[in-house]
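Index from 1, following the sequence.
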Amino acid sequence: VQLQACGGGLVQAGGSLRLSCTPSGGSFSRYGIAWFRQTPGKEREFVAGVGWGSLTTHYADSMKGRFTISRDNPNAVYLQMNNLKPEDTAVYYCAADLFGGGDWSSRYEYWGQGTQVTVSS
């Protein structure tokens, strides 16, 4: 499956964005999907994920209460980001793991191209 991420942009601190991840050439019905982010010079960071069957969600501690991941099986996975902070500035990637649980330790075989999120102070 190929993934396409979109929805990034420039927003002021305290604002909101919703990222979308959609499949190309398949569907998400059998995949755990997660969002990661990365800034230059730093390691890729797990943001949030959702399991393929149980719909269990997982979040990095710093995102809990601000970010919400949801899925519109089998067509899309969304990341709603509220109360954005300048430190949330990064390239956000969605990733898929066949029959995965959507947690940070899953092995994600498929990656989207990334979408830039910039939060100004």
Side-chain angles (χ1 to χ4, degrees):
V1 65
Q2 294 180 324
L3 290 76
Q4 296 180 323
C6 64
L10 173 64
V11 65
Q12 289 188 332
S16 298
L17 284 173
R18 189 177 83 153
L19 306 184
S20 299
C21 181
T22 55
S24 175
S27 77
F28 282 163
S29 60
R30 297 181 297 168
Y31 291 87
I33 306 294
W35 288 93
F36 291 79
R37 68 186 186 185
Q38 190 167 23
T39 55
K42 292 187 177 181
E43 291 186 359
R44 188 168 53 203
E45 176 185 24
F46 175 82
V47 174
V50 57
W52 78 276
S54 66
L55 303 185
T56 300
T57 56
H58 306 270
Y59 295 92
D61 287 343
S62 60
M63 287 68 165
K64 288 180 181 177
R66 298 192 300 125
F67 292 7
T68 302
I69 190 169
S70 61
R71 64 188 304 160
D72 176 21
N73 245 2
N75 301 313
V77 171
Y78 305 102
L79 184 68
Q80 178 67 42
M81 305 186 295
N82 298 327
N83 190 23
L84 283 162
K85 304 176 181 180
E87 52 264 41
D88 294 319
T89 295
V91 178
Y92 284 70
Y93 300 89
C94 59
D97 174 26
L98 186 63
F99 299 122
D103 59 300
W104 66 271
S105 64
S106 292
R107 182 180 178 183
Y108 293 94
E109 303 100 333
Y110 306 97
W111 292 82
Q113 81 285 5
T115 184
Q116 176 71 48
V117 171
T118 303
V119 184
S120 63
S121 57

Which pair of heavy atoms, one from Ala13 and one from Pro86, lies closest together, and at what distance? CB-CD, 4.1 Å
Heavy atoms of Trp52 and Ser29 approach each other most closely as CE3-O, 3.5 Å
Qualifying side chain to side chain donor-acceptor pair (under 3.5 Å) pairs, either residue in residues 2-20, two or more places apart: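 Sorted pair list: Ser16-Asn82.
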Hydrophobic clusters here meaning ILVMFWY residues chained together by side-chain heavy-atom distances under 4.5 Å, can you tell me if [X] and [Y] are in one?
X	Y	value
Val50	Tyr31	yes
Val11	Tyr78	no
Tyr108	Val1	no
Trp35	Leu3	yes
Phe99	Ile69	yes

Considering residues at least two apart in sequence or located in another chain, which fulfil the side chain to side chain contact (heavy atoms under 4.5 Å, CB included) criterion with Val117?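 Partners of Val117 under the side chain to side chain contact (heavy atoms under 4.5 Å, CB included) test: Leu17, Leu19, Met81, Tyr92, Val119.
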Could you measure the distance from the [atom1] atom of [X] to the [atom2] atom of [Y]? Nearest 0.5 Å is fine.
X	Y	atom1	atom2	result
Tyr59	Arg66	OH	CZ	12.0 Å
Ser120	Leu84	OG	CG	10.0 Å
Phe46	Asp103	CZ	CG	6.5 Å
His58	Trp104	NE2	CH2	12.0 Å
Asp88	Met63	CG	CE	6.5 Å
Arg37	Glu43	CZ	CD	14.0 Å

Under 3.5 Å, side chain of Arg107 to main-chain N/O of Gly100, donor-acceptor pair present?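 No: the side chain of Arg107 does not pair with the backbone of Gly100.
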Does the side chain of Phe28 come within less than 4.5 Å of Cys21's, by heavy atoms? yes
Any side-chain heavy-atom pair from Thr89 and Gln116 closer than 4.5 angstrom?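 SC-SC contact between Thr89 and Gln116 confirmed.
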Candidates Asp72, Thr22, Ile33 - the one meeting side-chain contact (heavy atoms from CB on, under 4.5 Å) with Val77: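 So the option named by the test is Ile33.
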